[in-house]
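Each chain gets a letter, A, B and so on, in the order the sequences are listed, and its residues count up from 1.
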Number of protein chains: 2
Amino acid sequence: MATDNRNIHRKIGRSTTRTKCPAPFLSKTYDLLEEQEEENNNNNNNIKVVSWNGEGNGFVVWCPDEFSEVMLPKYFKHNNFSSFIRQLNTYGFKKVASKRWEFHHEKFQKGCRHLLAEITRKKCEPSVFPTYLNPSKKSTLLLARNNQENTTRQLLMEENQNLKKEKMELQLQIAHFKTLEMKLLQCLSQCVENPHNKTRRLF
Amino acid sequence: MATDNRNIHRKIGRSTTRTKCPAPFLSKTYDLLEEQEEENNNNNNNIKVVSWNGEGNGFVVWCPDEFSEVMLPKYFKHNNFSSFIRQLNTYGFKKVASKRWEFHHEKFQKGCRHLLAEITRKKCEPSVFPTYLNPSKKSTLLLARNNQENTTRQLLMEENQNLKKEKMELQLQIAHFKTLEMKLLQCLSQCVENPHNKTRRLF
DNA sequence: GGGAATATTCCC
DNA sequence: GGGAATATTCCC
């Protein structure tokens, strides 16, 4: 196993001064391009394996097979092109051509190593559950949690409904009492004014 | 980079028939011991680097430096003893001696490769939040979620309180009406019976 | 020892 | 492309 003298990046990368230091993957990919660029310049006759693109705002893997077999193991712990692509996607790079392996990232540009520290890993959508729970367990937990929440809400809503119904009934009673009071008062007034009338008919 | 023909374990390991297949780390560690055992038997004069212990219910790394530099890279993508230990801990192995690197696991025994599939990774305590969220973000989310739940409940509870208060007031009104009705009726009856009495005093 | 970030692999 | 499991690293 070749010793990896780029580990220094990683060591600093994990420290609390993270803002100063890009992720190891980014530094290594940048290193790879810079070192390959130098080699490309020295041997104009050779076919390029990987290089910055014309504008210097992205890079192209010209020979994926050679890149994977020869270059990847020099910088990473594997020789799989797909793992390299997976990392590019993780850090938000975009494939910008359909017929060649050209990738862009706003903050990944030739001569701008200082921009690397501004590139962050894409975050997955926040899930409220740890990844090791299988979907069935997740649904069970979801149901449990929802059930608990729903039970409280359900009880409150039921109570609300009942209270509203009771209120309506009470208001209805009051309406009847008001009518009754009115009639009684009417009746009384008639009674007082004409004590000998039959007032019962009001009821 | 040496190709790793043990990846077959991994490929199967990720399939849905996971129960049949141990984690790659376990298979590799078992392979390593079996292959080293054979080498130990062939060269009795050599110092052992790693071997099963006497009972066959654990193993001993006799020479950590040589083990790390020579054997680890043959089976894993690193040469760090501490990473190997980290994996052992992840899978629940216990260090059982203070003066040498001897590790046990109930299901990791000489001649019992079939037990490996029963060894599982230790799970961290279920956190409701993804690990990438820092504590401050976690509290914010917690508060947000709680706020949302609390808002609903709070509103329902407030509505409930108001409804109960209104109900009480309505009942009070009804009580007054009942008193009033009673007095009016009393009054009326007096009025009818003794039309010339002063009935107003009842009010 | 183990939590957590990053890397690598596998799979959809 | 990206979710998720496992591996490797870093740090407490």
- Query: Is any side-chain N of the basic residue among Lys110(A) and Glu37(A) closer than 4.0 Å to the acidic one's carboxylate O?
  - Reply: yes
Taking only N and O in the side chain of [X], is any of them less than 4.0 Å away from OP1 or OP2 of [N]?
X         : N      : result
His78(A)  : dA7(C) : no
Tyr91(B)  : dT6(D) : no
Lys122(A) : dG1(D) : no

Quick one: [X] [atom1] to [N] [atom2], roughly how many Å, whole number?
X         : N      : atom1 : atom2 : answer
Arg121(B) : dG3(C) : CZ    : C1'   : 13 Å
Phe103(A) : dG2(D) : CZ    : P     : 12 Å
Asn89(A)  : dT9(C) : CG    : P     : 15 Å
Leu116(B) : dT6(D) : CG    : C1'   : 16 Å

- dT9(C), dT6(D), dA7(C): which one has an atom nearest the side-chain heavy atoms of Lys77(B)? dT9(C)
- Determine the interplanar angle of the Phe93(B) and Phe108(B) rings, folded into 0 to 90°, and report it as parallel if under 30°, tilted if 30 to 60°, perpendicular if over 60°. perpendicular
- Item | N/O donor-acceptor pair under 3.5 Å between Lys74(B) side chain and Phe76(B) backbone | no
- Comparing Asn80(B) with Lys95(A), nearest DNA chain D nucleotide closer to 5' gives the residue Lys95(A)
- Query: Counting only distance, no hydrogens or angles, is the base of dG1(D) paired donor-acceptor with the side chain of Arg86(A) under 3.5 Å?
  - Reply: no
- Task: Under the side chain to side chain donor-acceptor pair (under 3.5 Å) rule, what do Thr90(A) and Arg86(A) come out as? Steps first, then yes or no, please.
- Result: CA-CA 6 Å; Thr90(A) 297; Arg86(A) 185 75 195 80; 3.2 Å; yes
